[in-house]
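One structure below.
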Amino acid sequence: MVGLLLNAMGQGLCIVGAMGSGIWTAAAINLNAWQGWNIGIILFVSGILSALTNQFLIHRVDLPRFVAEVAYAFLYGYFVNIFTWLFTALGVGSWPVLARAFVSCFGVVTFGIAISLYQRANLIMHPNDDTSNILRFRYLHGNATASQLVDFIPPIIAIIITWAFSGKLLGINVATVFSMLFNGVIIAWSDTHIWPRLKHNFKIQPAGRK
């Protein structure tokens, strides 16, 4: 629950700060501007698609894992909407550019810490982050940065498509670059510095092992 709230709060800061955001949120912002779809709903649907992808990545049907991830995606979209409303009401969007750049980057740090916490607990997490967790430990030899970069490919494709059709490129700014460069680094740092006694509890054997 702490991870869920920290994640949604960080994304809300990025959205309202309007100085860039995590790449998945940036994709949702661009789809919202292009088609008018609710950002929370977009994040929920993308979560379902990621949950389905994870079933293929682990090479078996794990229904409890799928249901838990869909439930998390629903709650995540709901709380992102709440925090977006809250930070808008607090006037964060009207702050000076440097202040908004700072809070947007702080939002990236916040959701990076959140990802580290619930990936280690490995009870229930956002399906996108389970994707990067599976990639990290099953396919990429534990490399958090590489797994995040691979996980960024689908939202980057979505952003390119929306840009091609709408001519607009939103949600891409200093915090987006900060997220793409340092999200994996923040997760890896948090693994050893934020609640270090909470160890990784990954349940899928690495590729090649029986």
Side-chain angles (χ1 to χ4, degrees), residues 1-33 39-40 42-43 46-47 50 72-73 75-77 79-88 90 92-121 125-133 135-136 143-156 158-159 169-195:
M1 290 303 297
V2 171
L4 169 64
L5 293 175
L6 281 176
N7 197 356
M9 183 183 78
Q11 298 291 357
L13 278 173
C14 290
I15 292 169
V16 179
M19 292 299 292
S21 59
I23 196 70
W24 283 96
T25 307
I29 291 171
N30 280 277
L31 286 167
N32 169 265
I39 291 176
I42 295 169
L43 292 173
S46 69
S50 292
Y72 188 102
L75 292 172
Y76 171 71
F79 281 112
V80 166
N81 278 341
I82 289 178
F83 279 111
T84 299
W85 171 83
L86 175 62
F87 292 134
T88 300
L90 291 173
V92 173
S94 63
W95 289 3
V97 170
L98 285 178
R100 289 189 289 110
F102 174 80
V103 299
S104 295
C105 289
F106 179 74
V108 172
V109 173
T110 301
F111 65 68
I113 293 172
I115 292 168
S116 168
L117 288 174
Y118 59 63
Q119 281 187 339
R120 279 179 281 157
M125 69 181 81
H126 193 284
N128 292 343
D129 300 317
D130 193 28
T131 302
S132 66
N133 212 28
L135 290 171
R136 176 181 179 181
N143 191 316
T145 302
S147 67
Q148 286 293 304
L149 293 175
V150 173
D151 191 47
F152 287 159
I153 293 174
I156 289 173
I159 289 170
L169 191 61
L170 305 174
I172 308 292
N173 209 309
V174 60
T176 314
V177 176
F178 181 78
S179 174
M180 293 185 68
L181 292 176
F182 296 110
N183 204 36
V185 175
I186 293 166
I187 293 169
W189 179 87
S190 301
D191 285 352
T192 57
H193 292 85
I194 305 296
W195 201 350

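Because the structure is a prediction, the values reported are computed rather than measured.
- Summarising the geometry of Trp24 relative to Ser46, their closest heavy-atom pair is CZ3-CB, 4.2 Å, with the distance given to 0.1 Å.
- Smallest separation of non-hydrogen atoms from Tyr118 and Met125: CD1-CB, 3.1 Å.
- Classified by interplanar angle (parallel below 30°, tilted 30° to 60°, perpendicular above 60°), the ring pair Phe83/Phe79 is tilted.
- For Asn32 against Ile42, the heavy-atom pair with the smallest separation is N-CD1, 3.7 Å.
- Residue Ile159 holds its CD1 atom at 10.0 Å from CG of Leu170, rounded to the nearest 0.5 Å.
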**Study point:** Worked verdict on Met19 versus Phe102 for side chain to side chain contact (heavy atoms under 4.5 Å, CB included)
**Key:** CA-CA 9 Å; Met19 292 299 292; Phe102 174 80; over 6 Å; no
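- When side chains are defined from C-beta on, Asp130 counts as touching Asn133, because their heavy atoms get closer than 4.5 Å.
- Between the Arg120 side chain and the Ser116 main chain, a donor and an acceptor come within less than 3.5 Å of each other.
- Within the 4.5 Å cutoff, the side chain of Phe111 has heavy atoms near those of the Asn183 side chain.
- Of all heavy-atom pairs between Ala18 and Ser104, the closest is N-OG, 4.1 Å.
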Exercise for review: Before giving the answer on side chain to side chain contact (heavy atoms under 4.5 Å, CB included), spell out for Ile187 and Asp129 the whole-Å C-alpha distance, their side-chain angles and the decisive distance to 0.1 Å.
Suggested key: CA-CA 11 Å; Ile187 293 169; Asp129 300 317; 6.0 Å; no
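- Ring-plane geometry between Phe182 and Phe178 is classed as tilted, the angle between the planes lying from 30 to 60 degrees on a 0 to 90 degree scale.
- Across all non-hydrogen atoms, the minimal contact from Leu90 to Trp95 is O-NE1, 4.4 Å.
- If you take CG on Asn143 and CG on Leu149, they are separated by 8.5 Å, rounding to the nearest 0.5 Å.
- The closest donor-acceptor contact from the side chain of Ser179 to the backbone of Ala175 lies at 3.5 Å or more, if one exists at all.
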Exercise for review: Apply side chain to side chain contact (heavy atoms under 4.5 Å, CB included) to the pair Leu6 and Leu117, showing each step before the final yes or no.
Suggested key: CA-CA 10 Å; Leu6 281 176; Leu117 288 174; 4.1 Å; yes
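- Side chains of Ser190 and Ile186 form a contact here, defined as non-hydrogen atoms less than 4.5 Å apart.
- The CG atom of Leu13 sits 9.0 Å away from the OG1 atom of Thr84 when rounded to the nearest 0.5 Å.
- Within the 4.5 Å cutoff, no side-chain heavy atoms of Cys14 are placed close to those of Thr25.
- Annotation: the span from Asp151 atom CG to Arg136 atom CZ amounts to 13.0 Å, rounded to 0.5 Å.
- Here the side chains of Val2 and Trp195 are not in contact, with every heavy-atom distance at 4.5 Å or above.
- Counting heavy atoms from C-beta on, the side chains of Ile156 and Met180 come closer than 4.5 Å.
- Residues Gln11 and Tyr76 share a closest heavy-atom pair of CG-OH, 2.8 Å.
- Separation of atoms CD1 (Ile23) and CD1 (Ile172) is listed at 4.5 Å; rounding is to 0.5 Å.
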